[in-house]
A.B. asks: 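Below are the structure tokens for one structure; questions will follow.
Below, all heavy atoms of this structure are taken into account, side chains as well, without hydrogens, waters or symmetry copies. Just so it is clear, the model here is predicted, and its values are computed rather than measured. Residue numbers begin at 1 in each chain, while the letters A, B, ... track the order of the sequences.
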Number of protein chains: 2
Amino acid sequence: MSMGNNYELYKVFYWAAKTGSLTQAAKTLYLTQPSVSHAIKQLEENFGVALFYRNSKGVELTPEGSVLYSYIEQSQILISLAEEKMAALKNLDSGELRIGGSDSLFKHYVLPYLEQFHERHPGVKLHLNHGTTPEVITFLKEGRIDLGVVRMPIVDPQLQVTESFQLQDCFVAGARYAALKHEVLSLEALLQYPIILFSRNSRARMTIAELFQSYGYSIKPEIEVGSVDLLIEFARRGLGISYVTREFVSKELEEGSLFEVKLEVPLPPSHVGLLTMRNMPLSSAAHAFIGLVK
Amino acid sequence: MSMGNNYELYKVFYWAAKTGSLTQAAKTLYLTQPSVSHAIKQLEENFGVALFYRNSKGVELTPEGSVLYSYIEQSQILISLAEEKMAALKNLDSGELRIGGSDSLFKHYVLPYLEQFHERHPGVKLHLNHGTTPEVITFLKEGRIDLGVVRMPIVDPQLQVTESFQLQDCFVAGARYAALKHEVLSLEALLQYPIILFSRNSRARMTIAELFQSYGYSIKPEIEVGSVDLLIEFARRGLGISYVTREFVSKELEEGSLFEVKLEVPLPPSHVGLLTMRNMPLSSAAHAFIGLVK
DNA sequence: GTTACCCATAGACATGGTCTATATCTCCTG
DNA sequence: CAGGAGATATAGACCATGTCTATGGGTAAC
């Protein structure tokens, strides 16, 4: 025999012992007194040992009952703690949110949401893992992050993609090229100026290269950089015309340290997407964060 | 909401997490796989949080599931230990037996049974509390002992009395009174000799006093002592004729250092009884001991 | 004596846990 | 690429068992 007590009985036993009264235990558990009486009787019969002395004031543990209680009390406390913890996780009073993405997206796009999220749920620990788009996808599949933030398009049957925000890339220049401020350039005309692009393997770089190619031109940057900050800084210092995401330079455009170089040809918008694993449950924190962003 | 999960679900969760497979958990718990699947689903719905990732090989804990598991694992281990302990108590591999009684009864009557009990159940700890009959009854009512061993008769509606053994009190003397060895004395004749009795408040003393009184005599001891050993020793040294329980001096009678002084009048037998609380459950150990004695 | 508060018992009822049967998915294999 | 093995999910029927109401008995206190 495997001593197969229904664990529910231990909950009843715990409260009966704790309150010293079957009636009180019944009230605590929203049961009737006979139900509790019956439950205790079952335990006693299964163990073949009396657990309580019954008297007119209530019940009292037998020595054997005390032995059982010393174990069960700890066990029940742990379960209570577990339930509290799970409630905290669900209410986002605790837990963690692990996001993967590129540094620039974090800085210019995710950060305000993270601030908002952290303010609203200060108990949730935040983990940011930066990496390239393929790295982020790997992180996701390995379960190291809950959520990826990357440029679209992404085609992967394992991934759930939520397009969340549209970004508009554009060319910007600093004071040195102020003459262009009110002009509208053709692609050919633009190519006369030194161009600063993001490094070769970025999605933005590929997108703009394809665009020029579709019009029969080839864009060859004078300078290649590896960070959005440098794209901006180089343009401000007049080293060339940078291809950047307009939303990432809104401050510079406002204060006038940069201006947008308008083109005859419309530049394609790009989208930011939130990646999660398809068919994998989302944590409460990730779910809440996605809701926040949308 | 009071997060009222059926604790039985945690047992299922524990095994599902431990084995990493709902199917395995089902086999362990003698359930079917759909039952386990259903149980886990209930937990997940109640918590509002996914506990497992499902994949083709089985299941794997989510971060939230891991948090739950860290608590539930401990809890389940405690319950298992509790069940093992209770089984041990029932099988008398552990536990304790607390007996109250007089020193002389322990030494001459209870001891052989205790030896036998201890040999059969070496895991059960023995506690002997000696005291007078009224003290033993108090111990019982206070729950400090499981069992009392005292002289009969006892009349107390709260107590369950099991008469277990008959003892025969008698008068014994040593070599100094060897002349009496083959005589049969009347009560009156006996009173010519110095008598040694147990102290005034003992049951044996009251019994013999009543006997003499019923025949119109009054027995006044030359010496009063407080232990059976002294009764025996004084008789051996010829200080008088002792009134003792025959079974307690069987060794001395055999070796001839004492002999029984026969009387015309039959002396009443006395009985030893096992006392337990009526309407109070017996521990397994006490139950087994009573069975041994009977 | 009487009241009030315990726990135990009996029996009816209904909830819900468990089962069987089946679907779906993934991985592996021939 | 088809098919099998093995995993979990779902649907629906069933009945075990946990829960209730009603009642009884015992004890302590007033």
A.B. asks: Measure CG/B:L29 against C1'/C:dC19 and give the value in whole Å, please.
C.D. replies: 15 Å
A.B. asks: Between B:M86 and A:V49, is any pair of side-chain heavy atoms under 4.5 Å apart?
C.D. replies: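 Counting from C-beta outward, B:M86 and A:V49 do come under 4.5 Å.
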A.B. asks: Starting at CD of B:E8 and ending at C1' of C:dG16, how long is that distance when rounded to a whole Å?
C.D. replies: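 Distance, rounded to whole Å: 13 Å.
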A.B. asks: Do A:H121 and A:L97 have side chains that get closer than 4.5 Å, going by heavy atoms?
C.D. replies: no
A.B. asks: Mind calculating the distance between CD (B:Q42) and C1' (D:dA9) to the nearest angstrom?
C.D. replies: 15 Å
A.B. asks: In whole angstroms, how far is the P atom of C:dG17 from the CG atom of A:L9?
C.D. replies: 14 Å
A.B. asks: Considering residues at least two apart in sequence or located in another chain, which fulfil the side-chain hydrogen bond (donor to acceptor under 3.5 Å, both in side chains) criterion with A:S283?
C.D. replies: none
A.B. asks: Name all residues meeting the salt bridge (charged side-chain N to carboxylate O under 4.0 Å, His left out) criterion together with A:K141; count only those two or more places apart in sequence or in a different chain, and write none if there are none.
C.D. replies: A:D156
A.B. asks: Could you check how far CG of B:L51 sits from P of D:dT8, rounded to whole Å?
C.D. replies: 15 Å
A.B. asks: With no hydrogens and no angle check, is any side-chain donor or acceptor of B:T28 less than 3.5 Å from a backbone partner on B:Q24?
C.D. replies: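 Looks like yes, one N/O pair under 3.5 Å.
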A.B. asks: Rounded to whole Å, please give me the gap between CD1 in B:I40 and P in D:dT10.
C.D. replies: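 After rounding, the reported distance stands at 14 Å.
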A.B. asks: Rounded to whole angstrom units, what separation is found between the CZ atom of B:F52 and the P atom of D:dA9?
C.D. replies: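 In whole Å, D:dA9 P and B:F52 CZ are 10 Å from each other.
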A.B. asks: Indicate for each nucleotide in nucleotides 5-13 of chain C, in 5' to 3' sequence, whether protein heavy atoms under 4.0 Å reach the base (B), only the sugar-phosphate (S), or nothing (-).
C.D. replies: -SBBB----
A.B. asks: Roughly how many Å is it from CG in B:N46 to C1' in C:dG17, rounded to a whole number?
C.D. replies: 14 Å
A.B. asks: Using ring-ring contact (aromatic ring centres under 6.0 Å, His included) as the criterion, point out the one residue from A:Y7, A:Y14, A:F13 that pairs with A:Y10.
C.D. replies: A:Y7
A.B. asks: Could you tell me whether the phosphate oxygens of D:dC20, OP1 or OP2, come under 4.0 Å of any side-chain nitrogen or oxygen in A:T32?
C.D. replies: yes
